[in-house]
Amino acid sequence: MAKHFGRNQRMGDLLQRELAAILQREAKDPRLDMITISEVVVSSDMSYAKIYVTIFSKDEVKIAENIKVLNGMSGFLRSLLSKRVKARIIPQLKFIYDNTIIEGNRLAKLIDDATVDLPPESLDKDELS
């Protein structure tokens with residue numbers, strides 16, 4: 001069965017591509033670390049967009065500062081988007097930290113630590129019959 005892509009999801013995908021390009025090429029703020037946009041969720045009335053970002057830093061203070069900077073420059077980013085995207089309404093942007101990669105790595109480490117390499121049991125051929 002074909003997956004239905006609604007207008008909100010198409011707008012989210014478009015905003016994700018454009019914001020990634022803007023952050024990479026035009027936003028030259030030295031306070032920003034390397035940022036990846038994971039997902040953009042647009043509200044049903046297209047007036048708000050939640051932008052989930054992954055920040056490659058282990059320092060929680062630095063991550064919080066990056067989110068604060070991104071939310072502070074959301075008006076600037078929105079104005080750049082209005083020049084690039086042909087839409088009647090450009091949503092207000094809210095940046096949210098996405099920690100799924102860090103949580104995934106933490107769970108993978110827990111699983112690896114839980115598995116113990118046991119030596120293979122030696123079975124007699126008589127037991128197999």
Side-chain angles (χ1 to χ4, degrees):
M1 176 179 263
K3 190 173 182 181
H4 177 67
F5 291 102
R7 188 171 141 209
N8 297 358
Q9 187 171 3
R10 287 192 310 268
M11 177 61 110
D13 292 343
L14 177 63
L15 291 177
Q16 181 176 1
R17 282 192 308 274
E18 293 299 326
L19 278 171
I22 288 170
L23 287 174
Q24 182 180 12
R25 295 185 191 114
E26 297 178 32
K28 301 293 182 191
D29 195 323
R31 297 173 292 178
L32 293 178
D33 290 332
M34 197 163 101
I35 296 172
T36 302
I37 298 176
S38 312
E39 183 180 11
V40 176
V41 178
V42 180
S43 66
S44 60
D45 62 352
M46 301 277 203
S47 61
Y48 297 97
K50 292 180 184 177
I51 296 103
Y52 294 93
V53 295
T54 302
I55 300 168
F56 296 100
S57 176
K58 294 186 179 188
D59 185 13
E60 291 182 16
V61 174
K62 190 81 169 160
I63 290 170
E65 179 184 333
N66 276 272
I67 294 296
K68 185 177 179 181
V69 168
L70 285 170
N71 282 318
M73 65 189 302
S74 66
F76 168 72
L77 295 173
R78 190 175 177 207
S79 69
L80 290 177
L81 281 172
S82 69
K83 295 173 186 173
R84 291 175 170 229
V85 175
K86 302 273 187 200
R88 192 170 56 96
I89 298 173
I90 300 297
Q92 291 183 10
L93 309 176
K94 169 107 172 124
F95 290 90
I96 300 168
Y97 177 62
D98 183 16
N99 66 348
T100 55
I101 293 175
I102 292 171
E103 284 298 309
N105 288 339
R106 186 182 70 81
L107 289 174
K109 185 179 180 320
L110 286 173
I111 291 170
D112 289 342
D113 291 346
T115 58
V116 179
D117 292 333
L118 297 175
E121 295 180 9
S122 58
L123 296 176
D124 291 337
K125 290 183 181 180
D126 294 337
E127 292 178 3
L128 294 176
S129 310

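- Between the D98 side chain and the T54 main chain, no donor and acceptor come within less than 3.5 Å of each other.
- Q16 places a side-chain N or O within donor-acceptor distance of the main-chain N or O of I37, the cut-off being under 3.5 Å.
- Summarising the geometry of R84 relative to A21, their closest heavy-atom pair is NH1-CB, 3.8 Å, with the distance given to 0.1 Å.
- Enclosure of atom CD in E26 by more than 12 non-hydrogen atoms of other residues, nucleotides or ligands within 6.0 angstrom is indicated.
- Between the NZ atom in K50 and the CG atom in L93 there is a gap of 13.5 Å [rounded to 0.5 Å].
- Here the CG-CD distance, from D13 to E39, works out to 9.0 Å after rounding to the nearest 0.5 Å.
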Inset, instruction - Run the numbers on I35 and F95 for side-chain contact (heavy atoms from CB on, under 4.5 Å), then give the verdict. - result: CA-CA 11 Å; I35 296 172; F95 290 90; over 6 Å; no

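- Going from atom CZ of F76 over to atom CD1 of I22 covers 7.5 Å, rounded to the nearest 0.5 Å.
- Across all their heavy atoms, L32 and N66 have their closest contact at CA-OD1, 3.1 Å.
- Under 3.5 Å, the side chains of S57 and D59 contain no donor-acceptor pair of N or O atoms.
- Rounded to the nearest 0.5 angstrom, K94 NZ and I67 CD1 are separated by 9.0 Å.
- Annotation for F56: atom CZ counts as buried by contact number, over 12 foreign heavy atoms lying within 6.0 Å.
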Legend entry - Residue pair R88, M46: steps toward the side-chain contact (heavy atoms from CB on, under 4.5 Å) verdict: CA-CA 10 Å; R88 192 170 56 96; M46 301 277 203; over 6 Å; no

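- Considering CD of Q92 and OG of S74, their distance stands at 8.0 Å, rounded to 0.5 Å.
- Nearest heavy-atom pair, L15 versus A49, reported as atom, atom and distance to 0.1 Å: CD1-CB, 4.3 Å.
- Considering CG of N99 and CD1 of I55, their distance stands at 11.0 Å, rounded to 0.5 Å.
- Between S47 and I89, the shortest heavy-atom distance links the atoms CA-CG2, 4.4 Å.
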Inset, instruction - List the steps, then state whether side-chain contact (heavy atoms from CB on, under 4.5 Å) holds for L23 with L70. - result: CA-CA 10 Å; L23 287 174; L70 285 170; 3.9 Å; yes

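- Shown here are the side-chain contact (heavy atoms from CB on, under 4.5 Å) partners of A87, two or more places apart in sequence or in another chain: M11, V85, I90.
- Residue pairs meeting the side chain to side chain donor-acceptor pair (under 3.5 Å) criterion with at least one partner in residues 101-110, sequence neighbours excluded, are E103-R106, K109-D113.
- Through chains of ILVMFWY side-chain contacts below 4.5 Å, V41 is grouped with Y52, I96.
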